[in-house]
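Numbering starts at 1 and runs along the sequence shown.
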Amino acid sequence: MKKAVLSKSYYETPNPYVNAPSCHVNLLELSKYAREKGKKLADLSKEEVNQFLI
């Protein structure tokens with residue numbers, strides 16, 4: 001994930017009055033997986049993250 005290109009909007013300050021776009025990843029399950037593996041979310045590989053796409 002370190003080489004992934006993120007859109008400019010990713011770095012913008014979120015507007016609490018507008019619905020946030022979906023990230024297409026089940027973050028709850030991804031965080032449980034990372035905890036089980038003893039890793040930080042930022043240290044997961046793209047293949048590991050892709051397992052939790054919705």
From Leu30 CG over to Arg35 CZ, what is the distance, rounded to the nearest 0.5 angstrom?
11.0 Å

Non-neighbouring partners of Lys39 that pass side chain to side chain donor-acceptor pair (under 3.5 Å), sequence neighbours left out:
Glu48

Using every non-hydrogen atom in the two residues, find where Ser31 and Leu41 come nearest and quote the distance to one decimal.
CA-CD2, 3.9 Å

With sequence neighbours left out, write down each residue that passes side-chain contact (heavy atoms from CB on, under 4.5 Å) with Thr13, or none if nothing qualifies.
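Checked Thr13 against side-chain contact (heavy atoms from CB on, under 4.5 Å); zero matches.
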
Residues two or more places apart in sequence or in another chain: which of them pass side-chain contact (heavy atoms from CB on, under 4.5 Å) with Leu53?
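Partners of Leu53 under the side-chain contact (heavy atoms from CB on, under 4.5 Å) test: Val25, Asn50.
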
Tell me which pairs pass ring-ring contact (aromatic ring centres under 6.0 Å, His included) where either residue lies in residues 12-44, with sequence neighbours left out.
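Output for this query lists Tyr33-Phe52.
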
Hey, could you give me each pair passing salt bridge (charged side-chain N to carboxylate O under 4.0 Å, His left out) that has a residue in residues 8-31? Not counting sequence neighbours.
Glu29-Lys32

